[in-house]
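Written out below as structure tokens is the structure these notes cover.
Any value given below was found using the heavy atoms of this structure, including those in side chains, with hydrogens, waters and symmetry copies removed.
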Amino acid sequence: MICVSGYYGCGNMGDEAVLAGMLAAIEQAGGPHRQDVTVLSQDPPSTRALHGVLSEYRMSRKAVRESIRHSKLLISGGGSLLQDVTSIRSLLYYLWVARQALSIGRPVMFYAQGIGPLKRAASRWMVRRIADRAAWITVRDEGSAVLLKEIGVSRPTVEVVADPAFVLAPSAEGGSLLRTAMEGKPRPWIGLSLRPWESGPGAGGWAEMADCVVEQVGGSIAFIPMQPPGDVELSR
């Protein structure tokens, strides 16, 4: 049995793709079937229906502890879980889940995470304390690996890997929707998924970047929101 902690059941299409890719990778590697995976979710019924896994409410302390206790491994990730830009409470939550596993001797794996930004000194200290006790850490970009080294994480070895979503096969339905939306527009079609982010360049900065890309390589931009309504508003 494996317990998975992440931003699941929250209506974010990107995170659901990450979970789907993670489950597919576990099965391909000969790990437990998804019926033996418990996902901590904001909406357990939808997570069960969408992914065919066991699922418990992520904000119930009792459910979290019981799920971890009945598992042999806690996977934290993927996605940008360990950051303090959107909220320090989010960072504290994911570290708390990992600490629950470590406190009863369950190994913890950070799976294809995007680490940071970590603006607060306290955030860096807390992440280092937990990360140094992890059994295995993989991150999805070089910047995350560098940040972990900068804050003093010395063990285990940090490995840079691909985002789990890349495990998924292309969707015929998604391709059809894209072709319909972009019909008649010059190629190449360039997908751009924007998130409202405190440290980001803002709508004007993204618009300037998109214009620059089109000027340099031609083609057309396809804005692909992952979590309405914020993503939709920014894309517009």
Side-chain heavy-atom pair R179, W189 within 4.5 angstrom cut-off:
yes
Exactly one candidate in V53, V18, L40 meets side chain to side chain contact (heavy atoms under 4.5 Å, CB included) with Y8; the answer is V18
Quick one: are Y94 and I130 in side-chain contact, heavy atoms under 4.5 Å?
no
Would you please test H70 and T38 for side chain to side chain contact (heavy atoms under 4.5 Å, CB included) and show each step?
CA-CA 9 Å; H70 288 102; T38 300; over 6 Å; no
Does any part of the side chain of V153, heavy atoms only, come nearer than 4.5 Å to the side chain of F110, both counted from C-beta?
no
Does atom CD of Q35 have more than 12 heavy-atom neighbours, drawn from other residues, nucleotides or ligands, at distances under 6.0 Å?
yes
Under 3.5 Å, sequence neighbours excluded: what are the donor-acceptor pairs made by side chains of residues 72-82?
{"residue": "S76", "atom": "OG", "partner": "Q113", "partner atom": "NE2", "Å": "3.1"}
{"residue": "S80", "atom": "OG", "partner": "R140", "partner atom": "NH2", "Å": "2.8"}

Report the C-alpha separation of S41 and Y57 in whole Å, then their side-chain angles, then the decisive distance to 0.1 Å, and conclude whether the side chain to side chain contact (heavy atoms under 4.5 Å, CB included) test is met.
CA-CA 5 Å; S41 169; Y57 183 45; over 6 Å; no
Tell me if a side-chain donor or acceptor on R99 pairs with a main-chain N or O of V97 at a distance below 3.5 Å.
no
I need the S144 OG to I115 CD1 distance, nearest 0.5 Å.
5.5 Å
Who clusters with I221? Use side-chain heavy atoms, under 4.5 angstrom, across I, L, V, M, F, W and Y, and order the result by chain and number.
I190, L192, L194, W206, M209, V213, V214, V217, F223, L234
In this structure, are over 12 heavy atoms from other groups packed under 6.0 Å from E66 atom CD?
yes
Just wondering, do Q227 and D15 contact through their side chains at under 4.5 Å, heavy atoms?
no
Set of residues satisfying salt bridge (Lys or Arg N to Asp or Glu O under 4.0 Å) with respect to E150, sequence neighbours excluded
none
Check whether the side chains of R58 and Y7 place a donor and an acceptor atom closer than 3.5 Å, and report yes or no.
no
Strictly below 4.0 Å, N to O, side chains only: are R236 and E233 in salt-bridge contact?
no
Step by step, work out the side chain to side chain contact (heavy atoms under 4.5 Å, CB included) result for L19 and H51.
CA-CA 8 Å; L19 178 57; H51 298 285; 3.5 Å; yes
I'd like to know whether V127 forms a side chain to side chain contact (heavy atoms under 4.5 Å, CB included) with L91, so could you lay out the CA-CA distance, the side-chain angles of the two residues, the decisive distance to 0.1 Å, and finally the verdict.
CA-CA 9 Å; V127 170; L91 174 67; 3.8 Å; yes
Tell me whether R129 at atom CZ has more than 12 heavy atoms from other residues, nucleotides or ligands lying less than 6.0 Å away.
no
Any salt bridge linking R155 with D132? Criterion: basic side-chain nitrogen under 4.0 Å from a carboxylate oxygen.
no
